[in-house]
Amino acid sequence: MQKTSIPWQDRPDNSQDVLWRYSENPIIDRYAIPTSNSIFNSAVVPFNDGFAGVFRCDNKAVQMNIFAGFSKDGINWEINHEPIEMQAGNTQMIESDYKYDPRVVFIEDRYWITWCNGYHGPTIGIGYTFDFKEFFQCENAFLPFNRNGVLFPEKINGKFAMLSRPSDNGHTPFGDIYISYSPDMKYWGEHRCVMKTAPFEESGWQSTKIGAGPIPILTDEGWLMIYHGVINTCNGFRYAMGTALLDKNEPDKVIYRTQPYLLGPAEPYEMIGDVPNVVFPCAALHDIDDDKLAVYYGAADTVVALAFGKLSEVVQFTKDNSL
Ligand code: BMA
């Protein structure tokens, strides 16, 4: 079977960046479906002979919801015009006042989706699908308040594992990354702290709050975790992305973590939008054999953009520039 190639563009000649932007960014416009005010912080996975995704589309009433989408090349997307409708999964149907910032991963036999679910405040919703047509909603992973729930792509020591970021009900001014385990995707426990914000003097861009982004990628050096870090400025929060390597068998142990960010808001579509100065990664496609990485990120809470990197260089950079 021929493998599906992930989106790719070589590093521009004049660039020495570890992650470089796709020249045609943004790849998804804010008005890509008739009802949308903005489409950003979205997740994609290989599916059939192309790709499928779960997209955060805020409508023009600014209600947050998630929508399925499909693509042959990972760059040009057809997003459904109606939001995902959930059926009861491993529990009775539970409330969902809103849904945002989805992540998607294939584990064992199905695609699992996590998102920030409105249940008396934000917490982590979990659902699954086999075909991106029918979706099943499971128990929320945690009590409110929590955001940025990110599953590992395989069980660790026999259990499902999820990163998350306990938070508050507002524009949380704090936040560290934790890990939790579950035997069945329903009951979560063994909560451990993975990584905290960095001291302002050492790495200001990640000194206010941090949160996991795409599904972690297993490399020879451990789990590569791409995450966002936030600095509080006199003009509000600024979101950039960095990387860390977590121990393969004990992923609450951080081996390396970047002091500089790998990509921060610098292009107009990252600096101008509904929320200026935000790059917010939620998904990555990778090809270990070809040493390629494609990171999907929300830009300025308005559009979806794409950045590329060589996996081995990202790992090396993480090791060479660690806090
Ligand atoms: C976070 C979330 C994200 C958003 C970011 C920047 O708290 O709401 O969805 O991208 O703020 O506004």
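Both ligands and their constituent atoms are indexed starting at 1 by order of listing. All values below were derived from every heavy atom in this structure, side-chain atoms included, with hydrogens, water molecules and symmetry-related copies excluded.
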### Query
Between F51 and W77, what is the ring plane arrangement, given parallel below 30°, perpendicular above 60°, and tilted in between?
tilted

## Note on the structure
atom 6 (C) of ligand 1: closest protein heavy atom, distance to 0.1 Å, is D301 OD2, 3.4 Å

### Task
Using a strict 4.0 Å cut-off to heavy atoms of N41, name the atoms of ligand 1 that fall inside it.
3 (C), 4 (C), 9 (O), 10 (O)

### Message
Regarding R11 and E313, does a basic nitrogen lie under 4.0 Å from an acidic carboxylate oxygen?
### Response
yes

## Note on the structure
Contact region, Y239 to ligand 1, non-hydrogen atoms below 4.0 Å, reads side chain

### Message
Give me each pair satisfying salt bridge (charged side-chain N to carboxylate O under 4.0 Å, His left out) with a member in residues 219-243, each pair once, sequence neighbours excluded.
### Response
E221-K319

### Query
Going by side-chain heavy atoms closer than 4.5 Å, which hydrophobic residues are tied to Y98, directly or by a chain of links?
M64, Y100

### Query
In terms of residue, atom name and distance, what is the protein heavy atom nearest to atom 8 (O) of ligand 1?
Y100 CE1, 4.0 Å

#### Entry: Under 4.0 Å to a heavy atom of D101 - the qualifying atoms of ligand 1, by number
2 (C), 3 (C), 9 (O)

#### Entry: Basic-acidic side-chain contact under 4.0 Å: R30, D274
yes

### Contact partition for R56 relative to ligand 1, non-hydrogen atoms under 4.0 Å
side chain

